[in-house]
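For reference, the structure is listed below as structure tokens.
For ligands, and for the atoms within them, numbers begin at 1 and follow the listed sequence.
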Amino acid sequence: MIRSENDAIFDRLCHNSEALILHKHVHMKRPNAHGWVPSIVVLALSSVLVSAQTHVTPPSNKYALSDDVKLGQDAAREMRAQLPILNDEEVTSYVEGLGRRLVNAIPRELQHSEFRYSFEVVNVRDINASALPGGPTFVNRGMIETAATEGEIAGVMAHELSHVALRHGTAQASKAGKYEAGSVLGQIAGAIIGGGWGQVVSGVSQFGFGTAFLRFSREYEKQADLEGAQIMAAAGYDPHDMANVFRRLEKESGGSGPQWMSDHPNPGNRVEYIEEEAQRLRVENAVRDTRAFEQAQSHLKRLPRAPTTEEAVKQRGRTTGTSGRDVPRPSGRVQPPSSRYQTYREGNLFQIAVPSNWRELPNNNTVTFAPDGAYAEGVFTHGIQVGVARNESHDLEEATDELLQSLAQGNRLSRPSGYDRVTIGGRRGLRTVVANTNADGSREGIQVFTAQLQNGNLFYALGVAPQNTFDSYRDVFDRVANSIRFTE
Ligand SMILES: [Zn+2]
């Protein structure tokens with residue numbers, strides 16, 4: 001039961017540095033024929049330097065290009081099984097044409113000949129778009145319907161295509177260790193799909209472990225913005241339209257907001273730096289609206305209103321049985337937690353003591369402890385799940401907010417009323433309780449514990465029990481959380 005492999009995990013988690021550097025491309029003017037440049041000219045040259053576009057360096061990646069293609073194709077197949085693809089020649093060929101135009105503008109050093117870009121429209125009304133490793137790209141109908149200009153669609157697509165060209169999915173997986181949520185495929189697909197879709201793609205799990213673990217880092221987001229702005233400009237679009245669409249999406253994202261915003265977190269000053277980049281790129285006679293754009297929009301208006309992603313997934317789940325996967329149900333005969341506790345060592349990361357009648361159920365990325373009858377593949381009704389979520393905020397409260405937001409994606413989760421300060425393994429921690437309503441209408445309580453690891457990633461433990469017995473489990477969850485020791 002004791003898993004002792006992966007001794008280097010904690011080390012990796014703690015030194016999971018992101019070596020992403022955005023270099024400025026410096027175009028030095030050659031000295032004049034005399035090999036001498038008067039200082040007044042050097043001063044004048046600085047405006048050339050400022051107006052050069054920002055050079056984006058792809059992050060290091062231990063995967064082969066063919067892995068990107070394979071993972072992306074697999075995830076795309078899942079997407080098609082789970083989501084309604086719009087079968088409309090006019091709209092699809094419009095998006096395809098726009099996509100090709102952008103793909104052709106990807107700089108040569110990021111053009112990977114193995115990649116197979118494809119473009120499909122998802123018949124849902126939420127504003128979102130996603131691109132999978134190696135090229136499969138999905139644009140929500142809602143994105144096209146609500147765009148103010150063609151440049152706005154191009155901006156979102158160029159951002160997505162930049163994640164593909166810079167290979168962010170596999171770059172992120174290259175850094176993932178055990179106890180980082182998401183299997184490699186789930187992680188990659190979720191990273192790009194995010195949120196509700198991430199949950200769909202990474203399969204059956206009780207919680208929608210979506211965005212907080214799986215979405216891209218802020219560095220990658222900034223890279224995709226800058227590279228995307230350059231691709232747009234090279235394709236004849238004005239990157240100001242990218243700034244415009246993000247500004248609009250952000251304004252609309254008060255509350256839950258468009259999914260796109262939580263899948264692609266704002267690295268800070270997003271609109272500002274895109275506008276600065278647009279200033280440098282200075283596109284003349286940019287394409288904003290085309291006849292094809294207007295035609296596609298008015299064509300969509302004539303079609304029946306699209307469902308939300310959630311409605312569409314539910315609908316398909318009813319008709320196709322969630323792509324043929326049966327969710328096993330726990331048997332429900334559950335013994336109360338033993339008062340005797342058993343200690344488990346989890347890799348080189350932590351140790352934990354749980355009631356001795358709970359079993360250890362390791363997954364590639366989390367470990368769950370649950371009694372017999374309370375779990376089935378990927379689902380548990382009583383017990384505690386422990387894992388590590390990627391986070392960069394270095395602020396415990398903010399990181400915990402993000403964790404809860406990601407849990408809320410695809411779940412009917414109540415908002416926490418506040419956080420209690422606790423100590424977990426000698427570190428500052430937080431505790432809160434939220435309620436979740438399952439798909440069958442049953443309710444459960446979740447006691448959430450979080451603490452921050454040295455690298456900023458978030459250690460979490462989620463104690464779960466059905467609502468009618470939840471109160472009797474709360475002390476058990478506290479005791480389990482108290483037993484946690486980090487074993488550095
Ligand atoms: Zn992004």
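- By the ring pair (Phe, Tyr, Trp, His ring centres under 6.0 Å) test, Phe293 is found to be paired with no residue, residues two or more places apart in sequence or in another chain being considered.
- Among protein atoms, those of element N, O or S found less than 2.8 Å away from the Zn ion (ligand 1) are His159 NE2, His163 NE2, Glu221 OE1, Glu221 OE2, His264 ND1.
- Looking at Glu227 and Ser162, their side chains never bring a donor and an acceptor atom within 3.5 Å of each other.
- Thr308 is linked by a side-chain contact (heavy atoms from CB on, under 4.5 Å) to Arg125, Asp126, Glu310, Glu311, counting only residues two or more places apart in sequence or in another chain.
- Among the candidates Glu150, Gln295, His299, the single residue satisfying the side chain to side chain donor-acceptor pair (under 3.5 Å) test with Tyr94 is Glu150.
- In this view, Thr137 satisfies the side-chain hydrogen bond (donor to acceptor under 3.5 Å, both in side chains) rule with no residue, not counting sequence neighbours.
- Between Phe115 and Tyr117, the angle of the ring planes goes over 60°, which puts this pair in the perpendicular group of the 30/60° scheme.
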